[in-house]
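Scope of the values below: all heavy atoms of this structure, side chains included, with no hydrogens, waters or symmetry mates. The sequence lines fix the lettering, A, B, ..., with proteins before strands; numbering per chain opens at 1.
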Amino acid sequence: MVFMLVKDFSPFFTFSSGQVLNFIGEFKQKPIGISFATTRGIFDVRFSEVGKHAFEIAYDYKGAYSEKEARKEVMEMLGIGSNMKEVYSRIGTDAFMKKAIKAFYGMRLTQSDPWITSVSFIISQFNNIKNIRNSVQKMMKKFGKKINDKYLFPTCEKIAKASKSDLMSCGIGYRYKYLHEFANTCLNGINLNSLYSKTYEEAKKELMQFKGIGDKVADCILLFGYGKGEAFPIDVWIKRVVERVYFHNKKKKISEIHNFASQHFGDLAGYAQQYIFQYARTYMHRN
DNA sequence: ACCCAGGCGGGCG
DNA sequence: CGCCCGCATGGG
């Protein structure tokens, strides 16, 4: 069992925000524990509140990780490597952002691995967060290796070789063809790890070659799977709010919103996006 | 019985 | 380019 103390952290906001879909267990206002499955192991994490926005984190793990790798994995998964004072001072540059930061203080950007993130966000299109999590859980149960009472996240080989009816039984619907093709290419063609060293633009271009990965899903993968902080996923909510708050409610093209995000938030655009998204979902309505 | 969900691909002008 | 349409499925 390993312990860490983390400040400016809210496990509840971090994990109820729809960045990570492969954790096990429900989140309540006072979270006590959570488990993550990767393709290599299971992490059990517990949180104890020790002060305002401060938590003691205890974790244990099983699987093919050295202690050092496990620690890095946990830090990435919880997003506890960032200096939030600095993040907030750089994205909190106007009244709206300050309000969003105050409302979700301690929400971190998390990072899972590229394969898990890609699968999750290919399923996410034209879907809702509850369904996405359900599908991910079903895939883990159906195709993941069982460790005690839990399941690993399935490897790309498992998904590539799954029968159509088995994969369809996870409730992924018409996205089956996207996921099937993606898994097969990951098995035989592209190595997802090769995108770490590419620039944001290059990596995005490559991801968007896949059917089922468009502008928004590619940005989610780059942000939540590769930690490329300048990615700014634009879904219907982000588009609406940015137009409303920053453009006097005028319609803007996706490319114009990307330009705005890049100029306004730079390499912290992804962080800004997460706060805008949560604030919009929680406190604003559709029109 | 409807309606909606962190979009995307394809077809059209 | 911009616009428009269909899309599997589960939950409210």
Enumerate all atom pairs, one protein N or O and one N or O from nucleotides 11-13 of chain B, separated by less than 3.5 Å.
none

Nearest-angstrom distance from the residue atom [atom1] of [X] to [atom2] of [N]:
X: A:Phe121; N: B:dG6; atom1: CZ; atom2: P; answer: 11 Å
X: A:Met208; N: B:dG10; atom1: CE; atom2: P; answer: 13 Å
X: A:Trp237; N: B:dC4; atom1: CH2; atom2: P; answer: 12 Å
X: A:Ile213; N: B:dG7; atom1: CD1; atom2: C1'; answer: 12 Å
X: A:Phe15; N: B:dG6; atom1: CZ; atom2: P; answer: 19 Å
X: A:Ile254; N: C:dG2; atom1: CD1; atom2: C1'; answer: 13 Å

Quick one: do the A:Tyr88 and A:Asp8 side chains pair a donor with an acceptor below 3.5 Å?
-> no
So, A:Gln19 and A:Ser17: side-chain donor and acceptor under 3.5 Å apart, yes or no?
->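 The answer is yes; a qualifying pair exists.
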Toss me the dot-bracket line for DNA chain B: Watson-Crick and G-U wobble, both under 3.5 Å, 5' to 3', using | for pairs to another strand and [ ] for crossers.
-> .||||.|||||||
Hey, does [Y] have a side-chain heavy atom less than 4.5 Å from the side chain of [X]?
X: A:Val20; Y: A:Met77; value: no
X: A:Lys252; Y: A:Asn259; value: no
X: A:His264; Y: A:Tyr246; value: yes

Are the ring centres of A:Tyr59 and A:Phe43 closer than 6.0 Å?
->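 No, the ring centres sit 6.0 Å or more apart.
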Between A:Phe55 and A:Phe12, ring centroids under 6.0 Å =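 They do not qualify: ring centres at least 6.0 Å apart.
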Gap in Å between the two [atom1] atoms, one belonging to [N] and one to [M], rounded:
N: C:dC3; M: B:dG6; atom1: C1'; answer: 22 Å
N: C:dG11; M: B:dC8; atom1: P; answer: 24 Å
N: B:dC3; M: C:dG6; atom1: P; answer: 15 Å
N: B:dG11; M: C:dA8; atom1: P; answer: 15 Å

Please name all residues satisfying side-chain hydrogen bond (donor to acceptor under 3.5 Å, both in side chains) with A:Asp113, sequence neighbours left out, ordered by chain then number.
->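 If we apply the side-chain hydrogen bond (donor to acceptor under 3.5 Å, both in side chains) test to A:Asp113, skipping adjacent residues, there are no hits.
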Against the side chain of A:Lys211, the closest entry in B:dG6, B:dG7, B:dG9 is B:dG9
Same cluster or not: are A:Phe121 and A:Met208 linked, directly or through other Ile, Leu, Val, Met, Phe, Trp or Tyr residues, by side-chain heavy atoms under 4.5 angstrom apart?
-> no
Would you mind classifying the nucleic acid contact of A:Ile129 as base, sugar-phosphate or nothing, using non-hydrogen atoms under 4.0 angstrom?
-> base
For A:Leu187, the hydrophobic cluster (side chain heavy atoms closer than 4.5 Å, chained through members) also holds none
Once each nucleotide of nucleotides 3-12 of chain C is scored for protein heavy atoms under 4.0 Å, what B/S/- sequence comes out, 5' to 3'?
-> ----BBBB-S
In Å, rounded to the nearest 0.5 Å, how long is the span from CD of A:Glu230 to CG of A:Asp219?
->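 If I round to the nearest 0.5 Å, the distance is 9.0 Å.
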Any ring pair (Phe, Tyr, Trp, His ring centres under 6.0 Å) pairs touching residues 183-209 of chain A, not counting sequence neighbours?
->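 Only A:Tyr196-A:Tyr226 qualify under ring pair (Phe, Tyr, Trp, His ring centres under 6.0 Å).
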